[in-house]
Every structure is written in C-alpha cells, then in structure tokens.
**Q** 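Dropping a structure here in structure tokens format, bear with me for questions.
Every value quoted in this text rests on a predicted model; they were computed, and no experiment measured them.
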Amino acid sequence: MDHAVELLGLRPVYIDPPLLDGGVTGPVTPEAVAEALDAYPDIRLAAITSPTYEGVLSDIGAIAAVLHQRDMPLLVDEAHGAHLGLSAHFPWGAVSQGADLVVQSLHKTLPSLTQTALLHRVGKRVSHERLQHALDVFQTSSPSYPLLASIDSCVAFLEREGEPHFAAWRARLDAFREAAKRLKHLRLLTGEIDPGKLTILCDGTNMTGPELMACLREAHGIELEMARDGYAVAMTGLASGDEDFHRLQTALEAVDKKLAFR
Ligand SMILES: Cc1ncc(COP(=O)(O)O)c(C=O)c1O
C-alpha cells in the first residue's frame with residue numbers, strides 16, 4: 001500500500017482504529033470509513049488491510065456497503081488471509097464479502113512458493129481494461145513459470161484435498177487456544193480475528209514482546225513472526241503440524257512459569 005502511495009504520488013488519508021488488548025491495532029469500522037469519506041470528498045479508493053498482521057478482521061461486508069452507496073471501490077489487502085473463505089473452518093474472506101479488488105499472498109498461509117500473490121477482481125466496479133493496463137505497467141513482462149506452476153499446484157491441492165487439511169489445522173488451533181487458557185501471565189488475542197494467527201499478549205507482565213520473541217528464539221529454537229511492545233505474533237499455516245503446535249505450547253508454558261505481573 002505504501003509503495004503505491006509513493007509510486008503514484010497519492011495523498012492518503014489514514015484511519016487510525018482504536019487499540020485492542022496489548023496495543024494491537026483494532027478493526028476499521030464502517031462508521032470510520034463513512035466519516036473519512038465525508039471529511040475528504042476527493043477520496044477515490046478505500047484500501048483496508050484485513051486480516052492485519054496480528055490477525056484482526058474488519059467487517060468487509062459493511063465497509064463495502066458504505067463505499068458502494070457512493071459508487072466507490074474497496075480494495076482489501078488480504079495478504080495474510082489467502083486461506084479465508086475456502087472452508088467452513090475459517091471465516092469468510094473479502095472476495096465473498098463485497099470487496100472489488102482483493103490481494104492475497106498464497107505463500108503466507110498456504111503451500112505455495114514465496115512471491116505467489118493473487119489479485120482478485122470481483123464484479124465490474126473496477127474496469128478490467130484499467131486494471132490490465134496497470135498490471136502491464138507495474139509487472140514484469142517475463143512471468144516466472146515456476147511461480148505460476150506453484151500457484152496452480154496450490155489451487156489444485158486445495159480443490160482436491162484441502163478440506164481435511166483445513167479441518168485438521170483448525171482442530172490444532174482450537175486445541176492450542178484451549179491449552180493457552182491455562183497460562184497465568186500470557187494470553188492469546190481473541191475476538192474478531194483469523195484463528196490461524198496466534199497473537200501472544202504479554203502486556204502487564206515483566207517481559208516485552210521483543211523479549212518474548214528473543215527468549216523463544218534463544219532458549220527454545222522457535223522463530224516468531226514479529227513483536228511489538230505488548231505482544232508477539234506466531235504465524236501458523238495449513239502445513240503447521242502437531243509437532244509445531246506442541247513445541248510452541250511447551251515453550252510458552254515454560255516462559256509463562258518464569259513471568260511475573262508488573
Ligand atoms: C499486510 C501485508 N500486505 C502485503 C504484504 C506483502 O505481501 P507479499 O509477500 O505478497 O509481497 C505483507 C507482507 O508481510 C503484509 O504484511
């Protein structure tokens with residue numbers, strides 16, 4: 001998103017959602033979008049990241065309705081949610097909720113090579129010709145066939161045998177979340193989130209998110225995805241197995257025992 005702003009010299013209007021537990025940025029509300037549109041009538045496109053890095057989902061259906069009333073398109077950065085809407089075990093994704101353009105990175109949560117993002121154009125609000133022109137301008141004219149083959153093989157795999165894998169992934173996540181309730185100091189972010197993202201809250205304890213990330217790396221050989229002051233994020237994907245969840249659970253239990261409240 002920031003790259004588009006820079007390349008095209010756009011003048012962005014940012015919506016600053018209220019913070020959730022641990023200082024995690026919350027969802028963008030349809031009301032906040034409507035307010036921004038009223039305050040800045042020159043806005044031509046709304047771009048929402050959902051789910052966020054921390055897994056927070058915004059109500060894309062309601063936001064799309066606000067925009068479409070004004071005949072304005074919605075682009076959703078669903079880089080972290082390529083698995084959404086493909087199985088009843090995970091929430092709906094933006095493609096089926098009314099977004100006009102949706103970008104997904106298959107490689108973040110699904111079995112596909114890095115750099116295999118997809119752009120979905122849904123409906124006719126964004127012209128096919130303008131989109132094709134933009135792709136011609138910004139993309140290479142020599143697409144990588146290994147990457148295209150990886151996308152095809154990922155999609156074929158999901159169509160053929162995705163469902164049992166989604167069910168198993170969700171079952172592992174639910175079991176992990178249940179076990180995490182027994183932790184005394186650390187908590188997992190809950191609410192309107194992608195259940196695949198494990199955002200571990202450490203606010204109120206004597207350990208910061210970056211310290212938790214370093215501790216898991218150095219003492220337990222586990223690499224988290226990112227950390228901020230009050231939390232750290234563990235990413236899981238369709239290929240995360242029992243052993244991965246078990247190792248993280250055991251490590252968190254060990255860390256939790258040594259923590260104290262501030
Ligand atoms: C919200 C968000 N959008 C987009 C990207 C970039 O996606 P890609 O890996 O397909 O370049 C990232 C990368 O982490 C991200 O966090």
**Q** Which ILVMFWY residues can you reach from Leu113 by hopping between side chains whose heavy atoms are under 4.5 Å apart?
**A** Leu147
**Q** Show which side-chain atoms of residues 228-238 pair as donor or acceptor with protein atoms under 3.5 Å away, not counting sequence neighbours.
**A**
{"from": "Tyr231", "atom 1": "OH", "to": "Glu54", "atom 2": "OE2", "distance (Å)": "2.4"}
{"from": "Thr236", "atom 1": "OG1", "to": "Trp169", "atom 2": "NE1", "distance (Å)": "3.0"}
{"from": "Thr236", "atom 1": "OG1", "to": "Gly196", "atom 2": "O", "distance (Å)": "2.6"}

**Q** Measure across Ala227 and Pro210 and return the closest heavy-atom pair with its distance rounded to 0.1 Å.
**A** CB-N, 3.6 Å
**Q** Are Val122 and Trp92 co-members of a hydrophobic cluster defined by side-chain heavy atoms under 4.5 Å apart?
**A** no
**Q** Show me, pair by pair, the donor-acceptor contacts under 3.5 angstrom made by side chains of residues 16-32, not counting sequence neighbours?
**A**
{"from": "Asp21", "atom 1": "OD2", "to": "Arg187", "atom 2": "NH2", "distance (Å)": "3.4"}
{"from": "Thr29", "atom 1": "OG1", "to": "Ala32", "atom 2": "N", "distance (Å)": "3.0"}

**Q** Does anything in residues 101-111 pair up under side-chain hydrogen bond (donor to acceptor under 3.5 Å, both in side chains), and if so which pairs, sequence neighbours excluded?
**A** Glu78-Gln104, His83-Thr109, Gln104-His120
**Q** Identify every side-chain donor-acceptor pair in residues 214-222 under 3.5 Å, counting partners at least two apart or on other chains, and give the distances.
**A**
{"from": "Arg217", "atom 1": "NE", "to": "Glu223", "atom 2": "OE1", "distance (Å)": "2.8"}
{"from": "Arg217", "atom 1": "NE", "to": "Glu223", "atom 2": "OE2", "distance (Å)": "3.4"}
{"from": "Arg217", "atom 1": "NH2", "to": "Glu223", "atom 2": "OE2", "distance (Å)": "3.0"}

**Q** Taking Asn206 for the side chain and Arg262 for the main chain, is one N or O donor matched with an acceptor at less than 3.5 Å?
**A** no
**Q** Can you pull out every side-chain hydrogen bond (donor to acceptor under 3.5 Å, both in side chains) where at least one residue sits in residues 32-44? Sequence neighbours excluded, please.
**A** Asp38-Arg70
**Q** Among residues at least two apart in sequence or on other chains, which ones pass ring-ring contact (aromatic ring centres under 6.0 Å, His included) with Phe157?
**A** His165
**Q** With distance as the sole test, does Ser50 use its side chain to make a donor-acceptor pair with the main-chain N or O of Ser58 at under 3.5 Å?
**A** yes
**Q** Give a yes or no on this: more than 12 heavy atoms of other residues, nucleotides or ligands lie within 6.0 Å of atom CD of Glu192.
**A** no
**Q** Would you please name every residue forming a ring-ring contact (aromatic ring centres under 6.0 Å, His included) with Phe261, sequence neighbours left out?
**A** His185
**Q** Would a distance-only check, ignoring hydrogens and angles, find a side-chain to backbone donor-acceptor pair under 3.5 Å from Thr140 to Pro143?
**A** no
**Q** Under a 4.0 Å N-O cut-off, is there an ion pair linking Arg125 with Asp100?
**A** yes
**Q** Using the salt bridge (charged side-chain N to carboxylate O under 4.0 Å, His left out) criterion, which residues pair with Glu159? Sequence neighbours excluded.
**A** none
**Q** Which residue in the set Val126, Leu74, Leu45 passes side chain to side chain contact (heavy atoms under 4.5 Å, CB included) when paired with Leu101?
**A** Val126
**Q** For Arg121, enumerate each residue passing the salt bridge (charged side-chain N to carboxylate O under 4.0 Å, His left out) test, keeping only those at least two apart in sequence or located in another chain.
**A** none
**Q** Which other residues belong to the hydrophobic cluster containing Leu148, where Ile, Leu, Val, Met, Phe, Trp and Tyr are joined when side-chain heavy atoms lie under 4.5 Å apart, directly or via other members?
**A** Tyr145
**Q** Under 3.5 Å, side chain of Ser150 to main-chain N/O of Pro146, donor-acceptor pair present?
**A** no
**Q** Considering residues at least two apart in sequence or located in another chain, which fulfil the side-chain hydrogen bond (donor to acceptor under 3.5 Å, both in side chains) criterion with Asp136?
**A** Gln132
